[in-house]
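Chain letters run A, B, ... following the sequence lines, proteins first and then strands; every chain starts at 1. A quick note: this is a predicted structure, and the numbers were derived from the prediction, not measured.
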There are 2 protein chains.
Amino acid sequence: MSRRVTIADVAAAAGVSLMTVSRVVNNNGPVSETTRQRVLEVIAELGYRPSELARGLVTRRTRTLGVVVPDVSNPFFAGILRGVEQVAYAQNHNVFLCNTEESPERELTVLQSLEDKHVDGLILCSSRMEDEQLAKVLEGFDAVVLINRFLHGSRVATVLVDDQAGGRHVVEHLLRGGRRRIGFLDGPLSSQSGRLRKAGHRAALADAGLSYEDVPAIDCAPSVSGGLEGARRLLRQHPDIEALVCYNDLVAVGALQACFSLGRKVPSDVAITGFDDIELAALVHPPLTTCRVPRYEIGLRAARLLMQQIHADDEDVEDLVVQPELIVRASAP
Amino acid sequence: MSRRVTIADVAAAAGVSLMTVSRVVNNNGPVSETTRQRVLEVIAELGYRPSELARGLVTRRTRTLGVVVPDVSNPFFAGILRGVEQVAYAQNHNVFLCNTEESPERELTVLQSLEDKHVDGLILCSSRMEDEQLAKVLEGFDAVVLINRFLHGSRVATVLVDDQAGGRHVVEHLLRGGRRRIGFLDGPLSSQSGRLRKAGHRAALADAGLSYEDVPAIDCAPSVSGGLEGARRLLRQHPDIEALVCYNDLVAVGALQACFSLGRKVPSDVAITGFDDIELAALVHPPLTTCRVPRYEIGLRAARLLMQQIHADDEDVEDLVVQPELIVRASAP
DNA sequence: TAGAATACTGTTAGCGCTAACACACCGATT
DNA sequence: AATCGGTGTGTTAGCGCTAACAGTATTCTA
């Protein structure tokens, strides 16, 4: 790479001062039409492009966002990231991506490095840090949006999924289909989403005059094998189950495999529902009825919220709750 | 955000010059042990962190990489990205992610913006740009690694998948299993990977004394529906087919569905193979025999190659060919 | 026609940092 | 005693850019 063309080169070649070039480039301040044309010509000729580094140092705007996720190769976060990058691109910003790999130490490290790089804003997904430490680190940023993480006692914009409504949709759908004896594969106890979805299940049952007390329910790992084992146990303990509500699509795929190995037909013997609507959900046999969490849209809206904060003068902070959508397929028609 | 602590604040508080602080921070140049300790104390007390922006401007190193992919939400690219970020993190670099959404114009735009941001190196996946234009744009970067794209007549480091070997593995495996009458769902004609895999198929058949001429083969879209349609047509035209070799796992899933709807048992009537080993491959029924493309590892190795270039003085450029691995599952035992 | 407003351009300073050099001080060498 | 080389520190300049102010020349107002 030969030396980059600088604003000084352009100024010299066009026979004007640095500021005149700067004014043309940034399109602010008055410049006569003839001068502007001459400068633009020289710029095109030399292929001048302003250094964002130097610019950022003086303007304190880097046109740069940070996105921190546990793991990009998780389709959920990849979808969010794509949404964020879409908005960033449309507004001439670039996106730093950082994986935390679920480690709070790494999370802290990457947040600091993003601060050192002077990002204009930060989108932090599913933070695993303690409230107090998180609040402190976030002070280093001008604009922040949290996704899937509520920070108590702090005015930070937040985007959340309405898991409770999603849980309710799923159960109501099964009840409408005439299934009364419903079993639950609840996923890991530690999951906040799981607890919220469970609350939604309970509410739907209560509305239908059913109690949650004697309902067959079991925790399981949020994976295919977790669903397989869990469903086997549940179906053996409660052979009268007509439907299985699963924590997410992976668990539901496991449940599907369990039904297959136990000779239970899906959906005629047992209906199955998942959650998230990952690609896989539509591709297994039978395809899964599930609750779609609009990950791309979450990314879009979080990024828009962030850009709003970046450009706004006031400190007002908006929150957002995204509604999941019931997707009916053959596993629970 | 209150004003950041600068090196001047530290220098003043410690009663030394800026350079002494700089020397302590960067651990270069001689500093007496007592001074070093005092400076370190002040740094810790004030919470000073050097501005990467200012540093980058003068050192011409931003500790920043760019990764350009068609679409992060494609698991293949997400896996690569994760590998790259892993290496970057380990070496204190940050990663700019850019999606091109398959648009050459957008690709050009993001490449320019990465140049403007002074990235130390670039990893470009599956570039859709013309050779000539690409070569020109890449001149703006000190270090470049291309993934899944060969650039003729230019010395650019490249990481490629050995698709031909992969294609060969798959067919050889089927032949070993005694299947002689093999059908091919070749994917889109435009795919370079597809052509290479096809060459591998042909070589394996030739080695077994079989000609490729009268072999049932058909192009199809690289998707589930493409595979479904293609397999239906192929199986109807050639009812004696014992195995289907599919362009990728999605096509294979479609083929699986086609066999199911035609009442052909997999693998007893028809064996099926995919390519890529996406998550889905292990989760359908029966699970797919496929060829694993190690996307995470590709990311790792591309990033290491890039870091090597960044730190090396010479202009030497290494290439890399990654071997796909045959994964045998129930769809073609 | 004086004075003010406007349009255009230039100069200066500085964002936060480090490279390069300058300098003072020490003990060791000739 | 003069010279050398090392060690620790400071000073200066400048990376590439823009904010803020300072001119000019021109036009407008009363």
Side-chain angles (χ1 to χ4, degrees), chain A residues 1-40 42-43 46-64 113 115-120 140 142, chain B residues 1-40 42-43 46-64 113 115-120 140 142:
Chain A
M1 184 170 74
S2 53
R3 204 181 65 76
R4 269 183 76 99
V5 177
T6 74
I7 200 170
D9 300 325
V10 177
V16 295
S17 72
L18 302 185
M19 270 318 290
T20 301
V21 179
S22 175
R23 285 188 186 107
V24 171
V25 169
N26 296 296
N27 206 25
N28 62 4
V31 179
S32 76
E33 199 44 38
T34 49
T35 314
R36 153 170 278 110
Q37 285 310 324
R38 184 151 38 93
V39 171
L40 285 176
V42 173
I43 286 176
L46 300 185
Y48 168 71
R49 317 204 86 237
S51 159
E52 289 286 345
L53 226 52
R55 218 180 223 181
L57 190 58
V58 40
T59 61
R60 301 164 163 288
R61 277 284 150 78
T62 52
R63 307 194 211 204
T64 276
S113 76
E115 193 187 334
D116 298 344
K117 295 248 156 73
H118 292 255
V119 295
D120 292 341
D142 286 321
Chain B
M1 182 171 74
S2 53
R3 202 181 66 76
R4 269 183 75 99
V5 178
T6 75
I7 200 170
D9 300 326
V10 177
V16 294
S17 72
L18 302 186
M19 270 318 289
T20 301
V21 179
S22 175
R23 285 188 186 108
V24 171
V25 169
N26 295 296
N27 207 27
N28 62 3
V31 180
S32 76
E33 200 44 40
T34 48
T35 316
R36 153 169 277 110
Q37 284 311 323
R38 184 151 37 93
V39 171
L40 286 175
V42 174
I43 286 175
L46 300 185
Y48 168 70
R49 317 204 87 236
S51 159
E52 289 286 343
L53 226 52
R55 218 180 224 182
L57 190 58
V58 40
T59 61
R60 298 164 164 290
R61 277 285 149 80
T62 52
R63 307 192 210 204
T64 277
S113 76
E115 193 187 335
D116 297 344
K117 294 250 155 75
H118 292 253
V119 295
D120 292 341
D142 286 320

Find the distance [X]:[atom1] to [N]:[atom2] and express it as a whole number of Å.
X	N	atom1	atom2	answer
L53(B)	dG14(D)	CG	C1'	16 Å
L57(A)	dC15(D)	CG	P	13 Å
R49(A)	dG16(D)	CZ	C1'	15 Å
E115(A)	dG16(C)	CD	C1'	15 Å
D116(B)	dC17(D)	CG	P	10 Å
H118(B)	dC17(C)	NE2	P	18 Å

Do any N or O atoms of the protein come closer than 3.5 Å to N or O atoms of nucleotides 18-24 of chain C, and which pairs are they?
residue: dT18(C); atom: OP1; partner: N26(B); partner atom: OD1; Å: 3.4
residue: dT18(C); atom: OP1; partner: N26(B); partner atom: ND2; Å: 2.8
residue: dT18(C); atom: OP1; partner: R55(B); partner atom: NE; Å: 3.1
residue: dT18(C); atom: OP2; partner: S22(B); partner atom: OG; Å: 2.7

Residue S32(A), side-chain atoms from C-beta onward, closest of dC8(C), dC15(C), dG10(D):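 Given the options dC8(C), dC15(C), dG10(D), the side chain of S32(A) is closest to dC8(C).
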
For [X] against [Y], the heavy-atom pair lying closest together:
X	Y	result
S32(B)	T35(B)	OG-OG1, 2.6 Å
V21(A)	I7(A)	CG1-CG1, 3.5 Å
G56(B)	T62(B)	CA-CG2, 4.5 Å

Looking at residues at least two apart in the chain, or sitting in another chain, which of them share a side chain to side chain donor-acceptor pair (under 3.5 Å) with T64(B)?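 T64(B): no side chain to side chain donor-acceptor pair (under 3.5 Å) contacts found.
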
Do any side-chain nitrogens or oxygens of T35(A) fall under 4.0 Å of OP1 or OP2 in dT9(C)?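 For T35(A), the contact criterion (side-chain N or O under 4.0 Å from OP1 or OP2 of dT9(C)) is met.
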
Side-chain N,O (S51(B)) to OP1/OP2 (dG16(C)) below 4.0 Å: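 Result: no.
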
So which pairs with a foot in residues 49-58 of chain B pass salt bridge (Lys or Arg N to Asp or Glu O under 4.0 Å), sequence neighbours left out?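 Sorted pair list: D116(A)-R49(B), E52(B)-R55(B), E52(B)-R63(B).
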
side-chain contact (heavy atoms from CB on, under 4.5 Å) with V24(A): which of V10(A), V39(A), V42(A), V16(A)?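 By the side-chain contact (heavy atoms from CB on, under 4.5 Å) criterion, V24(A) pairs with just one of V10(A), V39(A), V42(A), V16(A): V39(A).
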
